[in-house]
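First the structure, in the form of structure tokens, and then the observations on it.
Lettering follows sequence order; numbering is per chain, from 1.
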Amino acid sequence: MPNAIAVGSRLYLRPLTRADAAALVPWVNDPEVTRTLAIGLRVMDVRAEEVFIEKTNASTHDVLFGIVARETDQLIGSTGLDQTDFQNQSASFGIMIGEKSEWGKGYGTEATALVVQYAFEELHLNRVQLHVYEYNLRGIRAYEKVGFRREGVLRQEHVYDGRFWDTIIMAILREEWEKMNS
Amino acid sequence: MRNPFRIGTVFYLRPLESDDLPVLTDWTTQSAIRITLDLFYRPCDQSAAELFLERTKSDAHDIALGIITQETDSLIGFIGLNRIDQENSQIQLGLFLGDQKADGKRCLAEAVGLMKSYVFETLTMNRVWLYVDAADAQTISLLERQGFSREATLRQDRYRNGRYYDTVVMGQVRGRTRGE
């Protein structure tokens, strides 16, 4: 597990580097992958992805990890925190399992739990929040399993496939996470 | 009225100018305002306020307007739009009343009404939303009367003076107003 930052039972998280850009680009252009992501309508090429990785790694408000399956040592997606707010001790969570053959295996849940643990134990945050589109039922289930609670519904917050959709706000607090893990 | 952008019955909205800076800086020292604003939890002198104003004016995603009384032509509050999200046709509203002696209810109702019309009719956005301190029942109720709904309560979202505060997200979607 080269350069592992957080290790779970079936996967580990490691920093992403420029060299990972080529693996990520097909995923961030695939509509089936991006339909659940808040990455906008940009077309990404390898150079743009390299710039994104370097910029994010240099930011003190962002944490970006590659998600790697331990068994095959293959990169299957990316995850991390952005808008980290040290004044209010909070951050926003995001995740992409890009490798579609790995969908439905619980990797998203495991990676989410590792990032949440990192947020509370390493960054000493108090609150991790996320936005999830109403049609992303698999995501909602995964976040609930990790301990995220629904805080509300932002009506017609997102445009996808020619219509407006609601966005659900979910969050987990340090006290809830500590209770679950005590 | 000086350079009005939108005109109401008692108040009007105009772009903020550099001679407004002393008033803005003075507001940031008031504890009631410091608790509710993310903007000013750090010390704010005139040059910091100037920087904020410059940044707001040069960013195509921000619009900052002063709320002015028509009778005395004095600046009593601030209302603005930021995070213009063309892709999802939505925009964030921000507001505060700096002059605590002013008729807050009437002022905010009028300023929010003018901005709503600008957001929906001029910018043709689909959704406008804002953050409000969850303990500020008066503003929440005022916004509800303006057609906003409570959409979410962000628990322990802000830390001020040694404790966490909840934040409410209030939103309004085009065409949906009270009673519809």
Pair B:Gln156-A:Arg174, side-chain contact (heavy atoms from CB on, under 4.5 Å): steps then yes or no: CA-CA 10 Å; B:Gln156 300 184 15; A:Arg174 163 182 285 278; over 6 Å; no
Give the intermediate values and the outcome of side-chain contact (heavy atoms from CB on, under 4.5 Å) for residues B:Asn126 and A:Phe164. CA-CA 9 Å; B:Asn126 180 64; A:Phe164 290 105; 3.4 Å; yes
Which atoms of A:Ile169 are under 4.5 Å from chain B, going by heavy atoms: the side chain, the backbone, both sets, or neither? side chain
Any chance CZ of A:Arg10 has more than 12 other-residue heavy atoms, nucleotides or ligands included, within less than 6.0 Å? yes
Among the clusters formed by ILVMFWY side chains lying less than 4.5 Å apart, do B:Val23 and B:Met1 turn up in the same one? yes
Examine A:Val153 and A:Phe93 and state if one hydrophobic cluster contains both, with Ile, Leu, Val, Met, Phe, Trp and Tyr joined whenever side-chain heavy atoms are less than 4.5 Å apart. yes
Crowding at CD, A:Glu178 (>12 non-hydrogen neighbours, <6.0 Å): yes
Taking only heavy atoms into account, what residues of residues 85-93 of chain B are found under 4.5 Å from chain A? B:Glu87, B:Asn88, B:Ser89, B:Gln90
Main-chain N/O of B:Val173 paired with A:Gln156 side-chain donor or acceptor, under 3.5 Å: no
Hey, does A:Glu151 have a side-chain heavy atom less than 4.5 Å from the side chain of B:Thr153? no
Contact summary for B:Ala152 and A:Gly152, nearest pair of heavy atoms: CB-CA, 3.5 Å
With clusters defined by side-chain heavy atoms of hydrophobic residues (ILVMFWY) lying less than 4.5 Å apart, directly or transitively, does A:Leu37 cluster with A:Leu16? yes
Membership question, hydrophobic clusters at under 4.5 Å side-chain separation (ILVMFWY): are A:Val132 and A:Tyr160 in the same one? no
Give a yes or no answer on whether the side chain of A:Arg155 reaches the backbone of B:Glu151 with a donor-acceptor pair at less than 3.5 Å. no
Side-chain contact test, heavy atoms from C-beta onward, threshold under 4.5 Å: evaluate it for A:Asn88 versus B:Asp157 and give yes or no. no
Contacting region of B:Arg155 [heavy-atom separation from chain A under 4.5 Å]: both
Is atom NZ of A:Lys55 surrounded by more than 12 heavy atoms (other residues, nucleotides or ligands) closer than 6.0 Å? no
Heavy-atom distance under 4.5 Å between the side chains of A:Asn126 and B:Tyr164, does that happen here? yes
Determine whether A:Leu173 and A:Phe86 fall in the same hydrophobic cluster, where Ile, Leu, Val, Met, Phe, Trp and Tyr are linked whenever their side-chain heavy atoms lie under 4.5 Å apart. no
Most heavy-atom pairs under 4.5 Å with chain B, out of A:Gln129, A:Gln89, A:Glu157, A:Arg150, belong to A:Glu157
